[in-house]
Chemist: 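Okay, here's the structure, questions in a sec.
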Amino acid sequence: MRRTPLRLASTLAAAALLGLAGCGGDDSEDSGGDTAGKTGGTATAYYTSFPDYLDPALTYTAEGWQAMWTVYTPLVTYAHVEGVEGAKLIPGLAEALPEVSDDGKTYTLKLRDGLTYSDGTQVKASDAEHAIKRVLNLESGGSGFFQGIEGAEDYLEAGKASADISGIETDDATGEITYKLVEPDGTFPFALSMLFAAPVPSDTPFSNQTKNPPPGVGAFKITEVDGTRGFTMAKNAEFPEIEGVPAAKLDTLEVTVVKEARRQGQDILDNKVDYIVDPPIGEQLREIRTAAKDRFSEHTTLSTYFMFLNTREAPFDKKEVRQAVNYGLNKPALARLFSGLLAPSCNFLPPEMQGYEKLEPCPYGDPNAEPDLAKARQLIKDAGAEGAKVTVWGNDEDETREVTTAFADQLSAIGLDAKPRIVSGEVYFSTIGNEKTKAQAGFTNWFGDFPHPANFLFLMDGNSIQPTNNVNFSNVDDPEINDTLAEIGQNPDLAAVASQYAALDKRVVEEAYIAPYGNRKLTLVTSDRMAFDDIVWHPLFLADFSTFALKE
Amino acid sequence: MAIVALAAGAPLYAEHVANTTPERNNLTGKIVVDGETRDVVSLDGIPVGPTWQREYLLGADANGRDVAVRLLYAARNSLFIGLTAALITTLLGIALGLLAGYYRGATDWVISRAMDVLWAVPVLLLGVALGVALTLGGLKIGPLEIRGGSLWIPALIIGVVSVVYLARPLRGEVLRLREQEFVEAARAQGASGPRIMVSEILPNILTTVLVFFPLLVANAVLLEAALSFLGAGVQEPAPSWGLMIGSGIKVLITQPALTIAPGVMLVLSVLSLNVVGEAVREAINPRARVRLEQ
Amino acid sequence: MARFIIRRLLGMLLVLFAVSVIVFAIFNVIPNGAPENRMAGKQSTPQQIEAIRREWGFDQSVLTQYVKTMEKLLTGKNFISYNQQRPVYDELKAGLPRTVSLAIGAAILWLVAGVALGVYSALRAGSKADFAINVLAIIGISVPVFWLGALVNHYLGYKLGWFPNGGYVPISEGGLWEWAYHLFMPWTVLSILFIGVYSRVLRSTILDTLDEDFVRTARAKGLSERRVVTHHVLRTSLAPIVTLWGLDFALVVTGGAILTETVFDIQGIGSYYADSVGQLDVPPVMAVTMLGAVVIVVVNTLVDIAYAALDPRVRLS
């Protein structure tokens with residue numbers, strides 16, 4: 001999962017993979033394009049914190065991806081359109097989508113001819129392997145997606161940057177790139193669509209290049225990085241025409257880091273800044289919704305918010321107790337803590353994704369109604385868990401603190417003795433992911449790395465449990481889930497196995513391994529200088545910078 | 001001045017007036033204000049402002065908790081930490097001051113260098129570092145174990161970090177006193193070092209301690225507020241003024257009361273403590289220059 | 001004298017060493033979770049974690065790690081933070097001008113205001129004005145800096161728009177005026193505490209001095225009150241104040257203004273420290289702490305040596 005930045009923000013709108021009908025839940029305006037934006041000009045933007053990295057091999061947060069997507073185009077990418085269509089894979093730097101061998105282990109692509117980076121250098125096939133090497137060698141958060149390539153583990157263990165990855169074969173003369181996997185993996189094309197795999201020049205050093213990002217093939221290039229205070233993106237004159245990947249309209253986009261949410265909200269209202277990444281808060285959100293409604297829209301994202309319930313620790317080792325929590329969880333209350341930017345849901349998977357089938361009726365009550373506390377209390381009593389001490393973990397980022405406090409309160413309301421425990425955001429996930437912590441329950445969320453249910457159900461897979469940096473916080477080890485996942489995970493035809501994924505979703509909810517409560521919504525708000533209707537909200541990469549333009 | 005001091009004592013007993021716990025969330029509840037039914041926390045997350053009624057006198061916070069109630073409980077926590085920390089500082093300060101001042105030589109050198117070390121790191125920086133580390137992992141010294149969320153952790157940290165303020169002046173006093181005649185006399189009578197320290201010197205430095213004490217408490221309360229504000233002090237859900245100010249700042253636009261109220265309480269309490277300190281100083285030793293040196 | 005200086009210098013080095021050990025210990029000995037887990041990120045495999053452990057040397061003994069960290073800190077080579085591997089000294093260099101700007105402006109303000117008020121109230125001791133100043137001073141030391149700062153920033157900056165809503169503008173970007181304009185509120189807020197302290201200290205120092213023999217002598221000699229005050233009294237009273245000022249300035253400039261920086265979004269080394277501590281990021285924490293300790297200890301030692309040079313009795317203790 002991409003890490004959510006300090007003030008939430010980025011969301012990956014989940015979109016159905018391949019032609020799932022209906023895109024509901026999206027309040028965005030139609031991209032009518034009647035206010036045609038002009039080409040040229042400079043726009044300004046605020047980020048709440050500097051992106052984790054400005055290095056395609058390392059960046060793994062929503063804001064990082066949002067900016068970098070328009071700078072580094074991978075071999076395979078997504079269409080720059082909204083909704084379901086935007087989740088479809090299209091060829092990027094490759095001529096066509098990868099050819100998959102019959103055994104599902106070999107992927108072949110051919111690089112387009114005549115591509116150049118933003119500094120004029122030729123793009124070579126071997127650059128693709130160099131990119132993956134950097135990801136592995138720099139211990140990037142994205143390494144896990146490529147360790148299934150033959151020879152990747154050896155490369156990692158050898159620790160030498162210049163070594164070869166046996167499973168990647170490239171031919172600079174023909175432009176052919178072949179990836180050999182150890183096991184078939186239906187999600188591999190999506191891994192290739194991540195920025196991690198975007199080709200960069202082969203002389204890019206094996207170190208964090210945030211201060212001086214390497215050239216890429218994209219609508220923009222990053223021209224200036226001012227410490228951690230901001231960066232500048234300029235139109236890439238060398239960008240060739242690639243179908244489905246538009247060129248930039250703006251000449252420059254200046255991004256500044258402004259930590260204070262109030263200042264962001266005020267400046268966007270006063271039109272002092274052209275775009276803010278994070279949703280405005282509190283009263284400012286209210287004001288923007290009314291006063292600036294022609295330059296404001298809300299979008300649901302490819303995310304799921306839930307409380308994990310550690311099945312290895314009492315009292316959550318008992319199914320009745322976990323079910324009680326689900327009965328007692330007050331979803332409308334939690335939605336208020338997100339300033340209304342949460343769509344309550346009882347599924348584990350987010351909507352608008354192939355493999356999602358809305359659970360009707362919700363096994364634990366309507367997520368939009370008040371919870372059945374009586375039933376919850378009864379279940380707790382019957383399970384003998386009344387008064388059981390529970391520590392509810394959370395971190396200090398934004399609304400997480402308040403949500404965690406609310407959780408603890410709700411657990412106490414149904415008969416447990418719950419207290420919240422807040423730790424710093426930076427250490428939170430490694431703390432609860434450490435089996436020594438024995439975290440019983442706590443806050444977590446998951447933003448999809450790409451629109452595929454396996455990316456979410458991975459969290460419920462018994463095989464993904466590890467002693468440190470575990471992400472299966474509930475320690476779900478259900479043979480039925482493990483076996484089904486192993487089987488359908490290899491199938492590159494998602495449509496064929498979609499209903500099986502949906503069945504797994506249902507099982508997770510029925511077994512109450514977690515207590516899900518909704519999907520996050522994000523906002524798009526700009527100044528009145530911008531041609532708002534032209535802006536595309538991509539399900540995965542959010543507001544598309546290459547569609548930003550000033551009004552005529 | 002005495003009036004101010006008395007008025008500030010009010011928070012101590014006022015918590016009995018509270019009618020609900022400071023932790024009870026109330027996100028979807030409704031209350032009636034001036035005949036109109038309103039959400040305690042609106043659908044877009046904005047809590048209700050001061051109602052000037054018995055319930056939600058000063059309004060609610062983001063989780064729907066009663067601000068006035070939390071303020072009162074926060075008073076209890078902040079004052080507990082302030083007093084405990086000041087006591088720890090006093091005990092340690094007396095001990096170290098006595099040892100360093102009386103024995104001099106190597107003991108003094110070691111203790112003075114230790115004080116230098118403590119002084120070399122700005123109080124807040126050290127406090128934050130200790131606060132973050134200890135809150136995360138708790139404290140384990142031999143059989144003694146304190147959980148990460150306990151109030152004793154900030155109390156201990158502030159108490160230790162503030163020792164320098166007291167130990168140095170006390171050391172100076174002891175240095176001066178040991179040359180006095182009555183100490184000579186006691187030594188001539190064959191009394192041992194510790195005996196002299198406790199029965200002869202200690203009573204004489206107590207006045208200094210007494211003058212310093214209210215200032216130490218004031219300092220501790222402010223320090224606790226700062227640490228909690230930065231996240232290194234009192235932890236949720238326990239209320240603390242510093243913590244409330246920290247979360248209140250996020251909603252200053254809509255709910256200024258959430259920030260103003262705890263701040264006012266802080267100022268009043270610290271002010272009254274400082275005033276008491278002044279009064280004590282005037283009464284005991286009008287000429288002495290007593291100040292917490294940075 | 002030389003022996004005294006050497007002893008103090010040795011003491012200074014020892015203190016610095018002790019500080020480095022203590023800070024390092026706080027984050028490495030007290031259980032707080034292995035940094036390699038945090039650095040590996042959310043979705044990571046055991047191999048990744050191992051690789052990080054080896055590369056950063058977390059698998060070695062605490063002693064070795066301490067030595068290595070100090071080596072990197074002192075030489076500046078390869079001294080990067082755990083979090084996002086940013087070179088620590090670059091960050092410090094970027095943050096220092098901001099903190100120094102904040103510190104200098106505030107320090108001058110509180111010195112001038114503190115002295116002025118202190119002198120005024122001393123000379124008018126017992127009057128209503130004196131009482132008023134005293135009350136204001138006591139209030140000044142009772143107000144939490146971060147609370148006042150947040151409110152001032154909000155009402156004067158955000159609501160009324162008299163001042164900018166926080167932030168820092170380097171002189172190179174906005175010119176002298178913008179720079180000062182943005183710092184005006186932080187300067188004022190930060191000074192209030194010190195003004196309160198200094199005015200009261202100066203007042204009592206002056207009052208004490210006024211009773212001293214040499215002042216009576218000066219008066220007896222027929223010197224005007226004004227001359228007595230400015231020439232004799234002030235000069236003696238100001239000495240401790242100036243020393244104090246030096247130490248307080250050292251405190252603020254090395255990160256002691258953490259609260260003001262946070263509230264006004266100045267992003268100097270104080271906030272750098274606060275952020276790093278929250279992330280349990282040891283290298284920046286060590287760097288800022290050591291920087292602070294060095295400055296404070298050096299200033300302290302110099303002051304001690306100066307006093308010893310002036311007053312022989314001190315040397316013998």
Chemist: Using a cut-off of under 4.5 Å for heavy-atom pairs, which of C:I141, C:T289, C:I22, C:L148 has the most such pairs with chain B?
Modeler: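 Most heavy-atom pairs within the cutoff with chain B belong to C:I141.
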Chemist: For the candidates C:G292, C:A150, C:P144, which exhibits the highest count of non-hydrogen atom pairs separated by less than 4.5 Å from chain B?
Modeler: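 Among the listed options, the one with the most contacts to chain B is C:P144.
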Chemist: Let me know if B:A129 has heavy atoms under 4.5 Å from chain C in its side chain, its backbone, both or neither.
Modeler: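 Both backbone and side chain.
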Chemist: Begin with the C-alpha distance, continue with both residues' side-chain angles, and end with the deciding distance and a verdict on side chain to side chain contact (heavy atoms under 4.5 Å, CB included) for B:L266 and B:I245.
Modeler: CA-CA 10 Å; B:L266 248 182; B:I245 295 178; 4.1 Å; yes
Chemist: Of the options B:I111, B:V164, B:L166, which is the one that meets B:L96 in a side-chain contact (heavy atoms from CB on, under 4.5 Å)?
Modeler: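 Single pass found, and it is B:I111.
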Chemist: Considering only heavy atoms, which portion of C:V299 lies under 4.5 Å from any heavy atom of chain B: side chain, backbone, both, or neither?
Modeler: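 The answer is neither part of C:V299.
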Chemist: Return the orientation label for the C:F194 and C:Y198 ring planes: parallel under 30°, perpendicular over 60°, tilted otherwise.
Modeler: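 Ring orientation of C:F194 relative to C:Y198: perpendicular.
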Chemist: Check each atom of C:I139 against the heavy atoms of chain B and say whether the ones under 4.5 Å are side chain, backbone, both or neither.
Modeler: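 Both backbone and side chain of C:I139 come within 4.5 Å of chain B.
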Chemist: Is B:V264 in contact with chain C via its backbone, its side chain, both, or neither, using a 4.5 Å heavy-atom distance?
Modeler: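 Looking at B:V264, backbone and side chain both touch chain C.
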Chemist: Taking the side chain as every heavy atom from C-beta outward, state whether B:L170 and B:L98 have any pair of such atoms under 4.5 Å apart.
Modeler: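 When only atoms from C-beta onward are counted, B:L98 and B:L170 do not touch, as no gap falls below 4.5 Å.
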Chemist: With side chain to side chain contact (heavy atoms under 4.5 Å, CB included) as the criterion, how do B:L258 and B:M244 come out once you've worked through the C-alpha distance, each side chain's angles and the decisive distance to 0.1 Å?
Modeler: CA-CA 7 Å; B:L258 292 182; B:M244 291 171 77; 5.9 Å; no
Chemist: Does any heavy atom of chain C fall under 4.5 Å from the side chain of B:I260, the backbone, both, or neither of them?
Modeler: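 The answer is both parts of B:I260.
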Chemist: Let me see the working for B:W109 and C:L14 under side chain to side chain contact (heavy atoms under 4.5 Å, CB included), right down to the final yes or no.
Modeler: CA-CA 12 Å; B:W109 194 86; C:L14 205 66; 3.3 Å; yes
Chemist: So which part of C:Y155 gets closer than 4.5 Å to some heavy atom of chain B, the side chain, the backbone, both or neither?
Modeler: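 Only the side chain of C:Y155 comes within 4.5 Å of chain B.
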Chemist: Would you mind checking which part of C:V143 comes under 4.5 Å of any heavy atom in chain B, side chain (CB onward), backbone (N, CA, C, O), both or neither?
Modeler: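 Its backbone and side chain both get close to chain B.
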Chemist: Strictly by modelled atom types, are B:N77 and B:S240 linked by a side-chain donor-acceptor pair under 3.5 Å?
Modeler: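 No, no side-chain donor-acceptor contact under 3.5 Å.
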Chemist: Out of B:L126, B:I249, B:T259, B:D108, return the one with the most heavy atom pairs under 4.5 angstrom to chain C.
Modeler: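 Among the listed options, the one with the most contacts to chain C is B:T259.
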